[in-house]
Amino acid sequence: MEAVKNKLVVLSGKGGVGKSTVACQLALGLAKRGKKVGILDIDICGPSVPKIMGVEGKDVLQGEGGKWVPVERDGIKIMSIQFLLENASDAVVWRGPRKDACIKQFLTDVQWGGLDVLVIDTPPGTSDEHITLCECLKGHPNTGAVVVTGPQQVACDDVRKELSFCRKLGLPLHGLVENMSGFVCPHCADCVPVFSSGGGQQLATDYNVAFLGKIPIDPRLASAEDEGVHFADAFPASETAKCINSILQQIEGKLVS
């Protein structure tokens, strides 16, 4: 991990807010901007990164020193528990200690090489996996978190706990993203607040955290991820792609070169 300049942890206290979507779009966007990027999926029980990145069904190999060689897509190095399963539909039924050991291996026993940034996609919540990750990254410079929420109050209430978790463990916060923030009409470009509006911005204000922006719902984004397509490349003029690029620009400014 010493050769990884920046570690970008993507978190959310709530499941289903699009955390893996944000993590993968950040990895793809940063690579497009010329960064050497890796993405690590530590959601042991619900890995989504291989599907979104279009590398489902690939295998990792053992390289020099017995370390795993990550799967690559467009120069992005990718590691997930899914690559180690016989069947992608198999459930991972592990207790905390085994999951913790797996996360430690992913950080230390994978040939990440020299990266500008390693994006780490985490499961929802504030449990064993998150504590183990923070313990492993403690003392590593240039580590920061991006927290993802939905706009509705029920999501924001859970994400408050994630922000509190980051502060308790000393994990620096790069900012907060409000995902699924309205639906942009493909005909008139009007944005309808399907799940209410403004919850993420208020949460960022309450916790004195940078508000990185809102990402509106676009059905084409879901389709692109199902097919392993880079959404911002496929639909660069869409409002959602513009919002993602704005967030990317802000995050890029927080990274160490």
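Throughout, residue positions are numbered sequentially from 1 according to the sequence presented. What you see is a predicted model; the values in this text were computed from it and never measured. Hydrogens, waters and symmetry mates are skipped; everything else that's a heavy atom, side chains included, is used.
Of all heavy-atom pairs between L107 and C136, the closest is CD1-CB, 3.4 Å. Across I39 and W112, no two heavy atoms sit closer than the pair O-CH2, 3.8 Å. Scanning all heavy atoms of the two residues, the minimum distance from S164 to Y207 falls at N-CE2, 4.5 Å. Of all the heavy atoms in S12 and V17, the pair that sits closest is OG-CG2, 3.2 Å. Considering every non-hydrogen atom in both G200 and L176, the closest pair reads O-CD2, 3.5 Å. The two residues F183 and P219 come nearest to each other via the heavy atoms CE1-CD, 3.7 Å.
One hydrophobic cluster, built from ILVMFWY side chains closer than 4.5 Å, holds both I120 and V92. Clustering ILVMFWY residues whenever any of their side-chain heavy atoms sit less than 4.5 angstrom apart, transitively, puts M53 in the very cluster that holds L85. Using a 4.5 Å cut-off between side-chain heavy atoms of Ile, Leu, Val, Met, Phe, Trp and Tyr, with links allowed through other members, M79 and V69 fall into different hydrophobic clusters. Following chains of ILVMFWY side-chain contacts shorter than 4.5 Å, one cannot reach V55 starting from I52, and the two form parts of different hydrophobic clusters. Residue V229 is not grouped with residue L221 when hydrophobic side chains (ILVMFWY) are merged at heavy-atom distances under 4.5 angstrom, including chains of intermediate members.
Annotation: side chain of T21 is not in contact with side chain of I215 (no heavy-atom distance under 4.5 Å). Taking the side chain as every heavy atom from C-beta outward, L248 and R33 approach each other to under 4.5 Å. Side chains of V60 and V110 form no contact here, defined as non-hydrogen atoms less than 4.5 Å apart. Residues D121 and K19 are in side-chain contact: their nearest non-hydrogen atoms beyond the backbone lie under 4.5 Å apart. A 4.5 Å side-chain heavy-atom check between E162 and T126 finds at least one atom pair inside the cut-off. Contact of the H230 side chain with the Q25 side chain is registered, since non-hydrogen atoms from C-beta on lie closer than 4.5 Å. Within the 4.5 Å cutoff, side-chain heavy atoms of T122 are placed close to those of H130. Between R220 and F231, some side-chain heavy-atom pair lies under the 4.5 Å cut-off.
One N or O on the side chain of Q250 and one on the backbone of S246 form a donor-acceptor pair closer than 3.5 Å. When atom types are taken as modelled, the side chain of N87 and the backbone of S89 share a donor-acceptor pair closer than 3.5 angstrom. At least one donor-acceptor pair closer than 3.5 Å links the side chain of K67 to the backbone N or O of T108. Side chain of R73 to main chain of G228: a donor-acceptor pair is present (N/O by atom type, distance under 3.5 Å, no hydrogens or angles). No side-chain donor-acceptor contact under 3.5 Å links D100 to the backbone of T132. Of the possible donor and acceptor atoms, none in the side chain of K214 sits under 3.5 Å from a partner among the backbone N and O of C243. T240 places a side-chain N or O within donor-acceptor distance of the main-chain N or O of P216, the cut-off being under 3.5 Å.
Applying the side chain to side chain contact (heavy atoms under 4.5 Å, CB included) test to A222 and every residue at least two apart in sequence or in another chain returns nothing. Under the rule for a side chain to side chain contact (heavy atoms under 4.5 Å, CB included), K138 has no partner lying at least two apart in sequence or in another chain. With sequence neighbours excluded, the residues forming a ring-ring contact (aromatic ring centres under 6.0 Å, His included) with F106 are W68, listed by chain and number. The side chain to side chain donor-acceptor pair (under 3.5 Å) check on Q153 picks up D157, with sequence neighbours excluded. With sequence neighbours excluded, the residues satisfying side chain to side chain contact (heavy atoms under 4.5 Å, CB included) with K254 are H174, A210, L212.
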Item to complete: Would you please test L137 and V9 for side-chain contact (heavy atoms from CB on, under 4.5 Å) and show each step?
Response: CA-CA 10 Å; L137 294 178; V9 184; 3.9 Å; yes
Worksheet entry | Chi angles and distances behind the side-chain contact (heavy atoms from CB on, under 4.5 Å) call for L28, I76 | CA-CA 8 Å; L28 288 163; I76 301 171; 3.8 Å; yes
Worksheet item: Do D41 and Q82 pass the side-chain contact (heavy atoms from CB on, under 4.5 Å) test, and can you show the C-alpha distance, the side-chain angles, and the key distance before you say yes or no?
Response: CA-CA 9 Å; D41 184 356; Q82 193 179 102; over 6 Å; no
Practice prompt. Kindly determine whether F165 and I131 satisfy side-chain contact (heavy atoms from CB on, under 4.5 Å), including the steps that lead there.
Written response: CA-CA 9 Å; F165 169 87; I131 297 168; 4.0 Å; yes
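No option in L171, V4, L8 other than L171 meets the side-chain contact (heavy atoms from CB on, under 4.5 Å) test with T143.
For N245 and Q249, the side-chain atoms include no donor-acceptor pair closer than 3.5 Å.
Between D116 and K35 there is no salt bridge, since no side-chain N of the basic residue sits under 4.0 Å from a carboxylate O of the acidic one. The pair D233-K32 meets the salt-bridge criterion, with a side-chain N (NZ, NE, NH1 or NH2) lying under 4.0 Å from an Asp/Glu carboxylate O.
Going from atom CE of M180 over to atom CD1 of I217 covers 6.5 Å, rounded to the nearest 0.5 Å. Rounded to the nearest 0.5 Å, atoms CG (D90) and CG (L84) are 12.0 Å apart. For the atom pair R98 CZ and I103 CD1, the distance stands at 13.0 Å (nearest 0.5 Å). The structure places SG of C156 at 5.0 Å from CG of L203, a figure rounded to the nearest 0.5 Å. Atoms CD1 and CG, from I81 and L40 in turn, are 10.5 Å apart once rounded to the nearest 0.5 Å. In this structure, OG in S181 is found 10.0 Å from CD in Q152, a value given to the nearest 0.5 Å.
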Enumerate donor-acceptor pairs with a distance under 3.5 Å from any side-chain N or O in residues 42-51 to protein atoms, sequence neighbours excluded.
unit_1 : atom_1 : unit_2 : atom_2 : d
D43    : OD1    : G46    : N      : 3.1

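Residue-environment remark: CG (N208) stays at or below the threshold of 12 foreign heavy atoms within 6.0 Å.
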